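Everything on this sheet refers to the single structure shown next.
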Amino acid sequence: MSDLVSPDLHPRPQLRRDSYRCLDGRWEFAHDDEDTGLDAGWHRGTTPLPQRIEVPFCPESQASGIGDTGFHPVLWYRRSLRLDEVEPGSAVLLHLGAVDHTCQVWLDGELVAEHRGGMTPVTADLTGVLRPGQEHWLVVRAADDPTDAAQPRGKQDWRTTTQGIFYDRTSGIWQTVWLEVVPRHHVTELHWSPDLAHESVHAGLAFSRALPAGSTVRVALRFEDEQLAEQTVAVTGRRADLTLHLPALANAMGRQRLLWSPEQPRLVDAEVELLVPGAAPDRVDSYLGLRSTEVRDGRFVLNGRPYFLRMVLEQGYWPESHLTAPTPEARRREVELIKQLGFNGARIHQKVEDPRFLYWCDRLGLAVWGEMANAFVFRPDAAEQLTREWLDVVRRDRSHPCIVTWVPLNESWGVPHIAVRPDQAHFASALYHLTKAVDPTRPVISNDGWEHTESDIWSVHDYSPEPESIRSRYGTTEAVRRTLTDRGPGRHRALLHGDAEGPLRPVMITEMGGLSWAPAAGQRWFGYATIGSEEELLASITELVAAVTDSPDVAGFCWTQLTDTAQETNGLLRDDRSPKVDPARLHEAFTRPSRAIPAEVIDVYRRRAAQASAATSTEHGTA
């Protein structure tokens, strides 16, 4: 086992122990197109598999060493596993960050885990099966039907040739596989919820088994060299809830130094220690951000002040490795590129990101909209699949300060007849309310882009390439109301029921732009409009952003998109992350002040951005 792994490398940055062992690397692999592997006994681990794959890259990707994008509904993985010693009273846990779409896991032929959901983690307790000092065989079977439209799949194409906005699939293991040795009584979940109004932080914990009498949990919070809070409480049962008072938040003038924002991404370090009589302690390292998000008076509000969101659509897709970042450095670089272009946020699109990507958003300061990968049809089983997986997503990620909004549905995907079918409208509303019930601290959007049932933000997708069309729809309060209540720019009503006369919600254009270079003859491409030169692209971006920021009522925007993705060639960057236009000039265009936010508020954030930039430069020796 390794020493304590830094949070940018640990697969679970907010629940870290020093007993981390990565199992990525070369595994045996086989396609099982006829689904005969179970009958042949492959799960027992005694049968070698014919191919070799580089985990955690999916077999469709070149990085995996396979590079086969054909239809293969069943995949098998096999590798040896050995632990030389395990302390008495310990448990050995196997974690798979994500396996698309369903999986079964065996150790020496004994089933240790089953999971359904391609975006959420799998954990198996190997304690009763693994024998220290012996070689074992770990086997994973993944099933991912390429044509199942009821399965939450996001942008993964169901056709043999990718088209339009859809691209090659990511099947099987696509996030890190790892082991950790933990005490039998250990923390399995840890959730942080800051409450600035009450100068406190709520900690929610879950445990591996019921705790006996006499057990305690100690939680300590520290900012740099300053101890913010420490509390020890008696705990029993399988769950515990603590509220830690932070006196440092009481001074309204002095607490700004502690608050998280994209301009000032302050993080608080946390230590958690579980003490059980007669057992080894469980020690966990974590972190959190002190910040609040809400909507009020038609604005998105961060830490009590109106905040204009300047987001970019982030597909999180690399040509050589698909939904998996090719290197740890690529995750950090992606966040740095987004900020370099002038954005303060990213809408993660039809993908649930790796927690280590979210760590860099937390650490470097990038507001994130967390979005679910959607299905394409509506059936009871499809609704159940998406709901279960979405709840797992929210539970996994709700402690990340960077996530400021939840988006369970996009553009009526999976609810294609929401305008005329009450069951589909009820489903969208149910996801909104269920998400708010699980996490009441963030805004939720029922159906991003159009046909909102209930939403905290009224979002519109508008790909008009003409600045005057944007001004005509959003330039005045009356124009915005017409856009919301008439058939909108996407040929769908923005508000499915009612009108815009009710409680005022922030209005945001959460997809716009989509400009592509004019394609060469025979080139496969997709875009919403074409431009012919670098200067024309920059001029179009500048004029379209100006039309949005001149609106007194638009509270934010999201530009499509960060990078070219397969044949979708409307990125600000090429798929290799090289810029099409000078980043400094794009930064100037995307950071144009908004009329929707008072000038004095903008000045506050500008000062914070300057302070954060100076601090970062000093940290990296570039001042």
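All values reported here derive from a predicted model rather than from experimental measurement. All values below were derived from every heavy atom in this structure, side-chain atoms included, with hydrogens, water molecules and symmetry-related copies excluded.
- The minimum heavy-atom distance between I165 and Y167, with the atom names listed, is O-CD2, 4.2 Å.
- Residues M372 and V393 approach most closely at SD-CG2, 4.2 Å, considering heavy atoms.
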Kindly determine whether R505 and E454 satisfy salt bridge (Lys or Arg N to Asp or Glu O under 4.0 Å), including the steps that lead there.
CA-CA 11 Å; R505 312 288 173 87; E454 297 188 47; over 6 Å; no

Steps toward side chain to side chain contact (heavy atoms under 4.5 Å, CB included) verdict (W369, D448)
CA-CA 11 Å; W369 282 21; D448 190 75; 3.6 Å; yes

Please test C402 against L366 for side chain to side chain contact (heavy atoms under 4.5 Å, CB included), starting from the C-alpha separation and ending with a verdict.
CA-CA 6 Å; C402 67; L366 191 70; 5.8 Å; no

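- Donor-acceptor pairing under 3.5 Å is lacking for the side chains of D553 and S551.
- Electrostatic pairing of E314 and K351 does not count as a salt bridge here, judged by no charged N lying under 4.0 Å from a carboxylate O.
- Note that CZ of R299 and CG of L504 are 7.5 Å apart. Values are rounded to the nearest 0.5 Å.
- Interatomic distance, D486 CG to R473 CZ, rounded to the nearest 0.5 Å: 11.0 Å.
- Looking at R296, its side chain never comes within 3.5 Å of a backbone N or O of V301 through a donor-acceptor pair.
- For the residue pair T170 and H322, the shortest heavy atom distance occurs at OG1-CB, 3.4 Å.
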Residue pair F71, T160: steps toward the side chain to side chain contact (heavy atoms under 4.5 Å, CB included) verdict
CA-CA 7 Å; F71 280 9; T160 55; 3.9 Å; yes

Where do F57 and E320 land on the side chain to side chain contact (heavy atoms under 4.5 Å, CB included) test, with the steps shown first?
CA-CA 9 Å; F57 303 112; E320 71 273 31; over 6 Å; no

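- A side-chain donor from one of S455 and S446 sits under 3.5 Å from a side-chain acceptor of the other.
- Side-chain N or O atoms of D575 include none that pairs as donor or acceptor with a backbone N or O of D564 at under 3.5 Å.
- No side-chain donor-acceptor contact under 3.5 Å links T510 to the backbone of C558.
- Taking the six-membered ring for Trp, F166 and F376 have ring centres closer than 6.0 Å.
- Atom CZ of R592 has more than 12 heavy atoms from other residues, nucleotides or ligands within 6.0 Å.
- Legend: ring-ring contact (aromatic ring centres under 6.0 Å, His included) pairs involving residues 329-360, not counting sequence neighbours, sorted by first then second residue: Y287-Y359, F343-F590.
- For D462 and S464, the side-chain atoms include no donor-acceptor pair closer than 3.5 Å.
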Under the side-chain hydrogen bond (donor to acceptor under 3.5 Å, both in side chains) criterion, do Q163 and D157 qualify, and how do the steps go?
CA-CA 8 Å; Q163 301 175 33; D157 211 322; 5.9 Å; no

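- Under a 3.5 Å cut-off, the side chain of R291 and the backbone N or O of V404 do not form any donor-acceptor pair.
- In this structure, the side chain of T293 engages the main chain of T441 through a donor-acceptor pair within 3.5 Å.
- Within the 3.5 Å criterion, the main-chain N or O of G513 finds no donor-acceptor partner in the side chain of W559.
- When all heavy atoms of N570 and G527 are compared, the pair lying nearest together is ND2-CA, 4.1 Å.
- More than 12 heavy atoms of other residues, nucleotides or ligands sit less than 6.0 Å from atom CD of E336.
- A salt bridge does not link R574 with D576: none of the charged nitrogens is closer than 4.0 Å to a carboxylate oxygen.
- Comment: R347 engages E511 in a salt bridge, judged by a side-chain N to carboxylate O separation of less than 4.0 angstrom.
- For the pair W458 and T483, the minimum side-chain heavy-atom distance is 4.5 Å or more.
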Assess whether side-chain hydrogen bond (donor to acceptor under 3.5 Å, both in side chains) is satisfied between Q151 and D144, documenting all intermediate values.
CA-CA 9 Å; Q151 172 184 307; D144 187 19; 2.7 Å; yes

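- Of the possible polar contacts, one joining the S64 side chain to the C58 backbone as a donor-acceptor pair under 3.5 Å is found.
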Before giving the answer on salt bridge (Lys or Arg N to Asp or Glu O under 4.0 Å), spell out for R153 and D148 the whole-Å C-alpha distance, their side-chain angles and the decisive distance to 0.1 Å.
CA-CA 9 Å; R153 59 191 314 111; D148 183 2; over 6 Å; no

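- Looking at D168, its side chain never comes within 3.5 Å of a backbone N or O of P319 through a donor-acceptor pair.
- Between R356 and D354 there is a salt bridge, since a side-chain N of the basic residue sits under 4.0 Å from a carboxylate O of the acidic one.
- To the nearest 0.5 Å, the span separating NZ on K580 from CG on L538 amounts to 13.5 Å.
- With E568 contributing its side chain and F526 its backbone, the two residues share no donor-acceptor pair below 3.5 Å.
- Judged purely by distance below 3.5 Å, without hydrogens or angles, the side chains of Q315 and T565 never pair a donor atom with an acceptor atom.
- Side chains of Y317 and Q350: a donor-acceptor N/O pair is absent below 3.5 angstrom, by distance only.
- Interatomic distance, E411 CD to E451 CD, rounded to the nearest 0.5 Å: 10.0 Å.
- Surrounding CZ of R421 are more than 12 heavy atoms belonging to other residues, nucleotides or ligands, all under 6.0 Å away.
- Checked for salt-bridge contact, E478 and R482 miss the test: no charged N lies under 4.0 Å from a carboxylate O.
- Proximity of a side-chain donor or acceptor of H452 to a complementary backbone N or O of S459 within less than 3.5 Å is detected.
- Residue H426 places its NE2 atom among 12 or fewer non-hydrogen atoms of other residues, nucleotides or ligands, all under 6.0 Å distant.
- At a threshold of 4.0 Å, the pair E329-R332 does not count as salt-bridged, since none of the basic side-chain nitrogens sits closer than that to a carboxylate oxygen.
- Taking the centre of each ring, W517 and W525 stay at or above the 6.0 Å mark.
- A salt bridge links E535 to R585: one of the charged nitrogens lies within less than 4.0 Å of a carboxylate oxygen.
- Between I418 and A428, the shortest heavy-atom contact is CD1-CB, 3.8 Å.
- Of all heavy-atom pairs spanning C361 and V335, the tightest one is SG-CG2, 3.9 Å.
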Walk me through it: do T453 and Y432 pass the test side-chain hydrogen bond (donor to acceptor under 3.5 Å, both in side chains)?
CA-CA 9 Å; T453 55; Y432 167 85; over 6 Å; no

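- Between atom OG of residue S292 and atom CG of residue L259 there is a gap of 8.0 Å, rounded to the nearest 0.5 Å.
- A distance of 7.0 Å separates CG of L572 from CG of L537, quoted to the nearest 0.5 Å.
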